[in-house]
Amino acid sequence: TANITNVGCGTLGEIDLTLGSGTGPFTYAWTGPNNFTATTQDLTGLAQGSYTVEVNGSDCLSSGEFTYVVGELVDVTAPVFVDCPSDITIEAANPSCTFAINVPTPTVTDECPNVTITSTYTPGDEFSVGTTPVTFTATDAAGNVSTCTFNVIVNSQPLIISLTPY
């Protein structure tokens, strides 16, 4: 029998061959795609394709030829934002026209490593009075995309005027 690890998520395939019977010691003669050859029992670093092994034991009953297919895992699942922030609201406490706000970067998970996160926000950005949408975009190695959008709301303080009669 063989445990097969398919190619995917930036990893190469593997075949872990286990012999259930026979008389050893055994020899192995593997062939595969792109003129692949090997003489070990187990294989690592494999490309997608069919691999055939000829196993020979120390007696005539312990021989055979077997073919295994290393497939390709296709990632069709977009990254998931675990903690996309809700809207952030602040009350403007001074007459400044812009305000520096620390916007947290959300955490992302994916089936495959190496997710790229981009954002419409750069640390140190200042926000004006009003509502500004902030979007984080996560893209995995297979090109699957997801977004996390929330608003930064800066409310101005009401202007208080006090009139003194003449």
Side-chain angles (χ1 to χ4, degrees), residues 1-89 100-127 131-153:
T1 62
N3 289 326
I4 299 173
T5 302
N6 290 318
V7 175
C9 294
T11 62
L12 297 174
E14 298 178 359
I15 299 176
D16 179 12
L17 187 64
T18 303
L19 300 177
S21 63
T23 305
F26 296 96
T27 61
Y28 307 90
W30 289 93
T31 58
N34 303 317
N35 297 317
F36 174 87
T37 61
T39 57
T40 58
Q41 180 176 347
D42 301 323
L43 303 177
T44 60
L46 302 177
Q48 178 184 0
S50 292
Y51 293 83
T52 299
V53 60
E54 183 178 320
V55 179
N56 288 304
S58 60
D59 62 28
C60 63
L61 301 175
S62 300
S63 300
E65 184 174 284
F66 310 93
T67 299
Y68 301 100
V69 176
V70 174
E72 181 176 7
L73 294 176
V74 179
D75 179 11
V76 295
T77 304
V80 174
F81 282 98
V82 178
D83 56 356
C84 186
S86 53
D87 289 352
I88 299 171
T89 302
I101 299 171
N102 183 23
V103 174
T105 300
T107 305
V108 106
T109 62
D110 192 57
E111 294 176 349
C112 298
N114 302 322
V115 175
T116 303
I117 299 175
T118 59
S119 176
T120 58
Y121 164 80
T122 303
D125 280 356
E126 294 191 346
F127 295 87
T131 300
T132 305
V134 174
T135 300
F136 285 88
T137 303
T139 307
D140 67 16
N144 299 308
V145 176
S146 65
T147 59
C148 160
T149 301
F150 55 94
N151 293 311
V152 173
I153 303 162

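One finds the CG atom of N6 at 8.5 Å from the CD atom of Q48 (value rounded to the nearest 0.5 Å). Of the inter-residue distances, the one linking F150 atom CZ with T132 atom OG1 reads 11.0 Å to the nearest 0.5 angstrom. Rounding to the nearest 0.5 Å places CG of N3 at 10.0 Å from OH of Y68. How far CD of E65 is from CG of N56: 10.0 Å, rounded to the nearest 0.5 Å.
Without hydrogens or angle criteria, N151 side chain to D87 main chain gives no donor-acceptor distance under 3.5 Å. A side-chain donor-acceptor contact under 3.5 Å links N144 to the backbone of D75. A donor-acceptor pair is defined here as one N or O able to donate and one able to accept, closer than 3.5 Å; such a pair exists between the side chain of D140 and the backbone of A142. The backbone N or O of T23 sits less than 3.5 Å from a side-chain atom of S58, completing a donor-acceptor pair. S146 places a side-chain N or O within 3.5 Å of a backbone atom of P79 that can act as its donor or acceptor partner.
Within 6.0 Å of atom CG in D59, more than 12 heavy atoms from other residues, nucleotides or ligands are found, so the atom counts as buried in its surroundings.
For the pair P33/S50, no side-chain contact is recorded, criterion being any heavy-atom separation below 4.5 Å from C-beta on.
Of the listed residues (V108, T118, V103, T149), just one forms a side chain to side chain contact (heavy atoms under 4.5 Å, CB included) with F136, and that residue is V103. The side chain to side chain contact (heavy atoms under 4.5 Å, CB included) test with I15 singles out one residue from D42, V53, L46, and that residue is L46.
A pairwise comparison of heavy atoms in Y51 and L43 identifies CD2-CD1, 4.4 Å as the closest pair. The minimum heavy-atom distance linking V115 with A138 is given by the pair CG1-CB, 3.9 Å. A pairwise comparison of heavy atoms in T77 and D110 identifies O-OD1, 3.4 Å as the closest pair. Nearest heavy-atom pair, Q41 versus T18, reported as atom, atom and distance to 0.1 Å: NE2-CA, 4.2 Å. Considering all non-hydrogen atoms of both residues, C84 and P106 come closest at CA-CB, 4.2 Å.
Looking only at atom types and distance, the side chain of T147 has no donor-acceptor partner in the side chain of T137 under 3.5 Å away.
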Stepwise side chain to side chain contact (heavy atoms under 4.5 Å, CB included) check, T39 with Y28: CA-CA 5 Å; T39 57; Y28 307 90; 5.5 Å; no

For L17 and W30, run side chain to side chain contact (heavy atoms under 4.5 Å, CB included): C-alpha distance rounded to whole Å, both residues' side-chain angles, the deciding distance at 0.1 Å, then the answer. CA-CA 11 Å; L17 187 64; W30 289 93; 4.0 Å; yes

Criterion side chain to side chain contact (heavy atoms under 4.5 Å, CB included) on D125 and V134, from CA distance to verdict: CA-CA 11 Å; D125 280 356; V134 174; over 6 Å; no

